[in-house]
Amino acid sequence: MFARGLKRKCADGEDSPPAPPAGSLQRQSLLDMSLVKLQLCHMLAEPNLCRSVLIANTVRQLQEEMSQDSTWQVPAPASAGRGPLERLVSTEILCRTPWEQQGGHSAADSGASPAPDLLSEPPGALSAQAPRSAPGCAWEAASPRESRGGFQRSLDQIFETLDSKAPRAAEGLFADVDGPYYDLDAVLTGMVGAKSVPGDGFETLASAGAPPPGVSYKRDLGELDHVVEILVET
Amino acid sequence: FLLFSPDVPGDHSAVWASRKSDIISTVEFNHTGELLATGDKGGRVVIFQREQESKNQVHRRGEYNVYSTFQSHEPEFDYLKSLEIEEKINKIRWLPQQNAAYFLLSTNDKTVKLWKVSERDKRPEGYNLKDEEGRLRDPATITTLRVPVLRPMDLMVEATPRRVFANAHTYHINSISVNSDYETYMSADDLRINLWNFEITNQSFNIVDIKPANMEELTEVITAAEFHPHHCNTFVYSSSKGTIRLCDMRASALCDRHTKFFEEPEDPSNRSFFSEIISSISDVKFSHSGRYIMTRDYLTVKVWDLNMENRPIETYQRARIQDHLRNTLCYLIPDHGLNNRMLFNINNIKIVIMTGSYNNFFRMFDRNTKRDVTLEASRENSKPRAILKPRKVCVGGKRRKDEISVDSLDFSKKILHTAWHPSENIIAVAATNNLYIFQDKVN
């Protein structure tokens, strides 16, 4: 699954930098999940613009916060492993339109559509590090038939980059494409529910946005996803 | 406090079983409250009519029965974008009644239609040139002339589409609002608002356009819009960022610059990842007087005075947030009990505010006593004509006998659509594909 809470080992004897604050774990989880949702938005036949805008704004806010906190800094290659860079790549991939993704996809969008383009992800800090430039997502949706094919391919890609046990989990998804993103959420919930980050409860709505220092939080991505779905669907 | 008894309209809700297309998507009383229109996901409109009072059956006074059913919208296919256009009815608005017929506007994502609903209870008989079955008579057999007469027949309610207002919206229509001049109305989608004349279907006038030149800069969409009840030049629209703009059409042709801007400053201590999402306003309505507007976002219902833009005059929590609880985002609890926010006392507008919630609960706030109650719309838990019991949700700790624990709240059972009779204590609550009508038993 995600490479969470990557502890950076310091090779040269300095004080090891602290693990990324727990708030950034939440942020990362939320960011990943929001990006997946954004991706799904334009796979469906009828993208809901309001929902897409709300999630995109949340994503942008998260990315701003994360870049402020310098959590995007890539640690020294020797000690870091592939985690953060891999995540950068996965983020960037998630932002690409289905028909722009690499590898033999047929053109998913038929015809010239007047529908506009999505805000381009990611911000400058990310794109400087990502190997490919992100062309940005599109608000428009592919045709239903092609979108299902594109959906399937993009889904595979998403699952690969998320480094999950995808094949089995994804099977049930394609049985019913009518409610694809609900199913995906269920799958994500099921997959991630098995792996939870240790810690305590999630911050409440009424409490401060920044977690108090030194407190670690526990949050299943599944619950987070459930929450975002509730909020955006209402 | 007001007590309500459910008054399920006949057995018709049983006919609409669990078919996906029958999920009710909008509910609206007409101006007298005599008619109640519902639109569903399958593009149908069902109109209920209130029974006349009769001395013989006092207890049946005020029941709503099906008056007319018609297919308003069909699914369409946009060939240019290869997208299906849903037939789901997003909004219904009644026109004020001016003759014997009823008129309403119904809209899906792209097309607004004006429907005429009229009764026919008489049939002409005694034509000269046709016989009773409508076949032409041989003129040679006609020896006398007669004047056709109207004879009573079984009541027939016909719905006919009188106008179709199409092809004016690139994005999904979320609101329609009839102007107080009764000549124009507006339709609002995510980024634009158009003004129509009822008589003209091939043109509309764009009055608000918030689409940025570069769509990558899009951060805000229109969520709802409504005309002022008395001033035909004034309207408001709400946004996904929790703001309300009031516009005056006399100021300019394109009302991109608002006349008033209502926004409550964010409390920095309440800031979270979800602040933006929960501040999105889902509905905005004028009070009957036109002096106040009510808005609903995820957590609250707010009442604003048009003369004060920097904060609402009243705020009602749709649920109570328990600070000490973990995982509270999941557990937005419609809670029974006194609402402690005592803000201003306004006497001259609607006394109780109603809002929908999860688990088929809906909440009512009494603006005078500041009390609120949570009620449930469910066939399992309330028999027809029984008095509704207030529901309690227990947040933690021991659950008392009648309470529902937070974990068993069903978030998929949402009440999204409610309507209030304009003059009596009758409410219509749509829970998925069932319609509940509740009325005040005290009367």
Side-chain angles (χ1 to χ4, degrees), chain A residues 26-27 30 45-58 60-62 65 109-120 136 138-147 178 200-210 217-219 223-224 226-234, chain B residues 20 77-86 109 170-172 174 189-191 211-212 214-223 239-241 267-278 280 282 297-299 321-332 356-358 411-412 414 416:
Chain A
Q26 285 171 353
R27 273 201 296 243
L30 187 55
E46 291 270 41
N48 183 334
L49 194 66
C50 185
R51 170 193 159 94
S52 306
V53 165
L54 288 176
I55 295 178
N57 288 348
T58 305
R60 191 183 331 188
Q61 177 196 335
L62 289 170
E65 282 185 18
D109 191 25
S110 55
S113 168
D117 287 331
L118 184 74
L119 55 94
S120 60
W139 291 107
E140 55 203 303
S143 74
R145 237 181 338 221
E146 286 158 333
S147 75
D178 279 344
D200 287 335
F202 192 59
E203 70 205 36
T204 69
L205 269 181
S207 66
Y217 292 85
K218 161 175 76 178
R219 188 57 163 181
E223 281 195 45
L224 205 58
H226 177 52
V227 160
V228 173
E229 273 307 310
I230 290 175
L231 288 175
V232 180
E233 287 306 304
T234 296
Chain B
K20 196 171 175 198
F77 198 74
D78 180 340
Y79 294 98
L80 207 59
K81 297 188 196 176
S82 291
L83 286 179
E84 228 193 48
I85 300 173
E86 269 192 319
D109 283 336
T170 307
Y171 305 98
H172 293 175
N174 53 54
D189 66 28
D190 293 319
L191 297 178
K211 177 171 184 273
N214 182 1
M215 273 299 272
E216 295 182 0
E217 294 163 5
L218 177 67
T219 58
E220 193 174 10
V221 300
I222 297 171
T223 52
S239 83
S240 58
K241 287 206 165 171
D267 182 357
S269 68
N270 279 341
R271 182 132 187 83
S272 78
F273 299 140
F274 303 100
S275 293
E276 162 112 16
I277 296 180
I278 63 178
S280 172
S282 55
D297 55 46
Y298 191 70
L299 288 182
I321 310 294
Q322 305 286 334
D323 295 14
H324 61 275
L325 261 197
R326 302 184 306 144
N327 304 338
T328 52
L329 266 181
C330 268
Y331 306 142
L332 298 182
S357 183
Y358 297 109
F411 286 93
S412 67
K414 303 178 252 203
L416 297 173

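Note that these values count all heavy atoms, side chains included, but never hydrogens, waters or copies made by symmetry. Labels below follow one simple rule: chain letters A, B, ... track the order of the sequence lines, proteins then strands, and each chain is numbered from 1.
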Pairing residues for B:N174 by the side-chain contact (heavy atoms from CB on, under 4.5 Å) criterion, not counting sequence neighbours: B:A188, B:D190

B:S240 to A:L54 - nearest heavy-atom pair and separation: O-CD2, 3.8 Å

Straight-line distance of A:L49 CG to B:M215 CE, nearest 0.5 Å: 5.5 Å

Separation of B:L218 CG from A:N57 CG (nearest 0.5 Å): 8.0 Å

